[in-house]
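Below, each value reflects all heavy atoms present in this structure, side chains not excepted, and no hydrogens, waters or symmetry copies.
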Amino acid sequence: MKETEKIIQTLLSKMSVEQKIAQMLQVSYTCVSKEEAFLWAKRGVGSFLHVLGDEARELQKIAVENGQIPLLFGIDAIHGHCLNHHATVFPTQLSMACSFNPEMVKEMASATAEEVSADGLHWTFSPVFCLGRDIRWGRVTETFGEDKYLAGALGKAMIEGYQGERLSDEGSILACAKHYIGYGEATGARDSYDTEITERKMRAEFLPPFEKAVEANCATVMTAYGSLDGVACTTNKRLLKEILKDELGFNGFVVTDWDNIGHLIYDQRQAENYLDASEAAIESGNDMMMYTLAFFENAVELVKTGRIRESVLDEAVLRILSMKYELGLLDNPFKQARQSRIGCEEHIELNRKLTEECVVLLKNDGILPLKEKKKIAVVGESADDIRRHYGDWTYFTHPTPNQSATPVRPYVTLLEGVQNLAKKHNMEVSFAKGYEVLSNELNFVEEAINAAKDAEVIIFACGDTFEQTGEGKDRAELSLSYSQRMVFEKLVETDKPIITVLISSKPLCVPEIVEKSSGFLTCFNGGMFGGEALAKVIFGELNPSGKLPVSFPYHVGQQPCYYNSLPGWHCENYVDMPKTPLFAFGEGLSYTKFAYSNITFDEKTLELQVTLKNVGEITGKEITQVYFRDLVSSVLTPVKQLIAFSKSELKAGEEKRLIFQFTEKDFSLVNANCERVMEKGKFEIMVGGTSNYDALLTTLFEK
Ligand code: GLC
């Protein structure tokens with residue numbers, strides 16, 4: 001037996017049943033009184049969530065002084081340690097996904113881990129491996145978008161960044177692959193609702209990102225709220241034990257999402273009471289229960305009455321203790337990075353660099369980059385509201401909503417970014433929200449329209465709001481608010497060119513706005529420096545390189561309209577609109593132009609080569625995407641699937657031979673027997689800077 005196992009087994013052998021059960025419980029600090037929290041710490045509870053800094057250290061002191069196993073502190077640091085006012089607020093996961101840059105995502109996670117550790121905490125409930133394939137869902141903003149390959153690549157990088165070389169290192173924290181599984185695929189995109197997928201579909205589309213998480217030795221996995229084909233994930237032993245732990249070899253521990261045990265009783269009606277729900281949760285392979293305090297006495301009762309064998313508890317507790325040991329917590333309960341790392345200059349600079357890679361330019365009739373303009377009118381409620389640049393899971397939204405919190409510098413809103421650069425170019429800038437609501441009447445602020453009439457170009461900033469995005473905030477409609485649409489119509493009447501900037505948690509259905517705009521760009525919720533990066537693109541100080549990780553629909557009725565759809569739709573169209581989205585996955589313009597040529601594929605070695613050339617006038621970065629299609633397969637397979645991408649920076653006129661090496665698994669499918677195989681037959685490979693087929697270079701090969 002390894003040294004570690006001996007230490008853990010010895011520790012376990014000294015624990016009472018109550019202590020073992022306490023280790024399996026995570027208490028939400030903001031939902032109990034201070035006295036109750038102290039009591040749980042004294043009792044040897046396994047973990048707390050949503051406690052910061054000094055209060056965490058105070059609880060740890062109580063646990064250690066009472067001879068208990070050190071506490072594990074978890075937090076939702078999902079795009080920086082944003083529940084701490086002074087931490088670095090990076091772009092959201094969906095915004096970061098526009099960079100297609102695993103290396104920078106890894107650096108961001110490493111910086112976030114340091115800031116979480118500097119706060120005396122040990123674990124982040126991140127990354128999200130759910131797929132954002134139906135953007136009516138309130139939590140698309142937390143995903144890496146619609147594609148399993150991109151989600152797997154960026155999620156793996158994030159885990160490596162959080163967990164570092166060794167978990168015991170000062171700045172390393174536990175990562176958490178969530179929400180297992182199929183959470184974003186619920187019918188009607190309804191949060192925590194039932195997902196009607198078979199095991200075959202789950203293995204084909206939703207398991208691959210979690211396989212990447214296990215490959216990266218992710219320390220924890222979080223059980224989703226929902227259910228698969230009517231069986232709650234919380235009680236799905238096939239999923240949690242047989243597939244995740246036994247088949248994939250996951251050796252960390254599984255934590256439920258917030259009160260999954262309670263959800264089983266009062267929402268899903270799959271359990272009568274806490275006794276039954278706790279028994280089902282333990283037996284199915286959940287090792288730690290988040291929030292559900294009633295779990296403690298019910299689990300004690302289950303063991304006392306013999307309904308649960310103590311050996312089943314041991315399995316869960318061993319996993320939890322092993323992670324605490326790996327983290328170095330058993331030897332050093334107060335391990336933490338230097339507090340000066342929170343919001344430090346190095347992380348701020350990293351944030352600026354990463355954010356610049358997240359801007360996606362989607363329309364440009366030549367208006368961009370701005371030149372020889374003297375007067376700019378910035379109009380719109382999103383232009384100067386930093387809360388909208390930050391998005392969800394910051395101190396404005398969690399652990400309890402606080403929209404009136406005072407934002408902490410540094411940050412740069414779009415308006416500030418435009419003002420800063422306009423000064424450099426001797427341009428004048430006016431700003432107006434565009435409307436105000438007086439006695440429930442929508443009043444256009446005439447000065448906004450007059451300023452627009454007086455300007456040579458208008459920058460219209462629009463997007464969604466805190467009330468329209470996040471957990472439990474799914475939408476049946478995806479257009480801009482009435483007030484923003486009306487302001488835009490007034491701006492159109494001025495006949496001035498309009499550059500529309502979308503500052504939003506996800507794509508919105510804005511075809512008319514795109515059509516009447518000369519330029520259209522976004523970075524979704526770009527964090528502290530989203531406004532600055534957008535302004536730099538508008539003024540030409542930054543050549544945009546971002547690509548869409550999620551499709552932009554014309555209309556909510558098209559949902560879902562992800563790029564890797566299956567064939568077989570009769571007529572391939574609605575009677576009242578096209579099936580294609582307004583902007584496709586992988587799309588994004590540059591101020592230069594790239595060309596692909598000379599594609600070759602060796603069907604023996606499975607090596608692809610293609611030449612990429614910058615045929616424009618300025619240096620630019622191109623995200624090359626490689627897709628494939630299995631032309632005839634024993635089950636339906638997508639019309640195209642992303643299997644590789646790379647990012648190249650090329651000077652004007654420079655060219656580069658790109659080489660991609662594949663294995664059979666890259667071209668595989670999950671057949672009707674749930675086996676992953678590469679079948680014989682013809683395959684098509686497609687390469688380019690978008691998923692739009694007509695813009696791709698293609699070649700065929702036979703297996
Ligand atoms: C929430 C979310 C989950 C989060 C957890 C702790 O309800 O579903 O993503 O990590 O609770 O805050």
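Rounding to the nearest 0.5 Å gives a distance of 6.5 Å between CD1 of Ile78 and CD of Gln93.
A donor atom on one side chain and an acceptor atom on the other are not found under 3.5 Å apart for Asp576 and His555. In summary, the side chains of Asn564 and Gln641 do not present any donor paired with an acceptor at a separation below 3.5 Å, with no hydrogens or angles considered. Donor-acceptor pairing under 3.5 Å is recorded for the side chains of Asp464 and Ser505. In the model, Glu146 has a side-chain atom that pairs as donor or acceptor with a side-chain atom of Ser551 under 3.5 Å. Side-chain contact annotation: Tyr562 with Asp134, donor-acceptor N/O pair under 3.5 Å absent. For Ser227 and Asp194, the side-chain atoms include at least one donor-acceptor pair closer than 3.5 Å. Using modelled atom types and a 3.5 Å distance limit, the side chains of Gln484 and Tyr482 yield no donor-acceptor pair. Using a 3.5 Å distance cut-off with no hydrogens or angles, the side chains of Asp259 and Tyr225 do not pair a donor with an acceptor. Between Glu467 and Thr465, the side chains place a donor N or O and an acceptor N or O closer than 3.5 Å (distance only, hydrogens not considered).
Nearest approach of Cys523 to Val359, heavy atoms of both residues: CB-CA, 4.0 Å. For the residue pair Ser565 and Lys579, the shortest heavy atom distance occurs at OG-NZ, 4.3 Å. The two residues Met427 and Lys373 make their nearest non-hydrogen contact at CG-O, 3.1 Å. Of all heavy-atom pairs spanning Gly689 and Lys547, the tightest one is O-NZ, 2.8 Å. Heavy atoms only, all atoms of each residue included: Ala377 and Ala451 are closest at CB-O, 3.9 Å. The shortest non-hydrogen separation linking Leu150 to Pro549 is CD2-CB, 3.8 Å.
In this structure, Pro410 and Phe529 have side chains that are in contact, with non-hydrogen atoms separated by less than 4.5 Å. Proximity of Tyr149 to Leu154: side-chain heavy atoms (C-beta onward) are nowhere separated by under 4.5 Å. A heavy-atom distance below 4.5 Å is found between the side chains of Glu357 and Lys647. The shortest distance between side-chain heavy atoms of Pro507 and Phe524 falls below 4.5 Å. By the 4.5 Å heavy-atom criterion applied to side chains, Asn525 and Tyr390 are not counted as neighbours. When side chains are defined from C-beta on, Leu131 does not count as touching Asp147, because their heavy atoms never get closer than 4.5 Å. Counting only heavy atoms from C-beta outward, the side chains of Val412 and Met528 never approach each other to under 4.5 Å. Looking only at side-chain heavy atoms (C-beta outward), Phe585 and Leu642 come within less than 4.5 Å of each other.
A salt bridge is absent between Lys496 and Glu456; no separation between the charged side-chain nitrogens and carboxylate oxygens falls under 4.0 Å. At a threshold of 4.0 Å, the pair Arg136-Glu477 does not count as salt-bridged, since none of the basic side-chain nitrogens sits closer than that to a carboxylate oxygen. Ion pair Glu381/Arg388 flagged as a salt bridge, since at least one NZ, NE, NH1 or NH2 atom sits closer than 4.0 Å to an Asp/Glu carboxylate oxygen. A salt bridge links Glu489 to Lys516: one of the charged nitrogens lies within less than 4.0 Å of a carboxylate oxygen. With respect to the salt-bridge test (charged N to carboxylate O, under 4.0 angstrom), the residues Asp257 and Lys178 do not qualify.
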Could you go step by step and tell me if Ile459 and Ile538 meet the side-chain contact (heavy atoms from CB on, under 4.5 Å) rule? CA-CA 9 Å; Ile459 296 175; Ile538 290 170; 4.1 Å; yes
One pair to check against side-chain contact (heavy atoms from CB on, under 4.5 Å): His79 and Thr394. What are the steps and the verdict? CA-CA 9 Å; His79 54 105; Thr394 72; 3.8 Å; yes
For the pair Thr195 and Thr187, evaluate side-chain contact (heavy atoms from CB on, under 4.5 Å) and give the outcome as yes or no after the intermediate values. CA-CA 6 Å; Thr195 297; Thr187 306; over 6 Å; no
Evaluate Ser126 against Thr124 for side chain to side chain donor-acceptor pair (under 3.5 Å), listing each step before the verdict. CA-CA 5 Å; Ser126 169; Thr124 179; 4.6 Å; no
Please lay out, stage by stage, how His50 and Asp76 fare under the test side-chain contact (heavy atoms from CB on, under 4.5 Å). CA-CA 8 Å; His50 294 165; Asp76 292 277; 2.8 Å; yes
Apply ring-ring contact (aromatic ring centres under 6.0 Å, His included) to Phe144 and Phe129, showing your working. CA-CA 7 Å; Phe144 284 117; Phe129 279 90; 7.1 Å; no
Assess whether side chain to side chain donor-acceptor pair (under 3.5 Å) is satisfied between Asp384 and Thr413, documenting all intermediate values. CA-CA 5 Å; Asp384 202 33; Thr413 64; 2.7 Å; yes
Under the criterion side chain to side chain donor-acceptor pair (under 3.5 Å), I'd like the reasoning laid out for Tyr183 against Glu185: C-alpha separation, chi angles, the key distance, then a yes or no. CA-CA 6 Å; Tyr183 181 16; Glu185 195 70 5; over 6 Å; no
Under the side chain to side chain donor-acceptor pair (under 3.5 Å) criterion, do Ser518 and Asp365 qualify, and how do the steps go? CA-CA 5 Å; Ser518 299; Asp365 68 2; 3.2 Å; yes
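Taking Tyr411 as the reference, nothing meets the ring-ring contact (aromatic ring centres under 6.0 Å, His included) condition, with sequence neighbours excluded. Evaluation of the salt bridge (charged side-chain N to carboxylate O under 4.0 Å, His left out) rule for Lys473 yields no partner, not counting sequence neighbours. Tyr693 is linked by a ring-ring contact (aromatic ring centres under 6.0 Å, His included) to nothing, counting only residues two or more places apart in sequence or in another chain. When the salt bridge (charged side-chain N to carboxylate O under 4.0 Å, His left out) test is applied to Arg475, no partner is found at least two apart in sequence or on another chain.
Atom CZ of Arg269 has 12 or fewer neighbouring heavy atoms from other residues, nucleotides or ligands inside a 6.0 Å radius. Atom NZ of Lys363 is surrounded by more than 12 heavy atoms from other residues, nucleotides or ligands within 6.0 Å. Environment of NZ in Lys212: sparse, with no more than 12 heavy atoms of neighbouring residues, nucleotides or ligands closer than 6.0 Å. Open room surrounds CD on Glu196; 12 or fewer heavy atoms of other groups in view lie less than 6.0 Å from it.
Between Trp569 and Tyr574, the ring center distance clears the sub-6.0 Å criterion.
Legend: side chain to side chain donor-acceptor pair (under 3.5 Å) pairs involving residues 582-594, not counting sequence neighbours, sorted by first then second residue: Asn543-Ser590, Glu587-Asn692, Thr592-Asn614. Residue pairs meeting the ring pair (Phe, Tyr, Trp, His ring centres under 6.0 Å) criterion with at least one partner in residues 449-475, sequence neighbours excluded, are Phe460-Phe488.
The backbone N or O of Ala232 lies less than 3.5 Å from no partner atom in the side chain of Gln268, so there is not a single donor-acceptor pair. In this structure a side-chain-to-backbone donor-acceptor pair under 3.5 Å is missing from Asn402 to Phe396.
Aromatic ring orientation, Trp393 versus His398: parallel (interplanar angle below 30°, classes split at 30° and 60°).
Test Val501, Leu368, Val514 against Phe520 for side chain to side chain contact (heavy atoms under 4.5 Å, CB included) and you get one pass: Val514.
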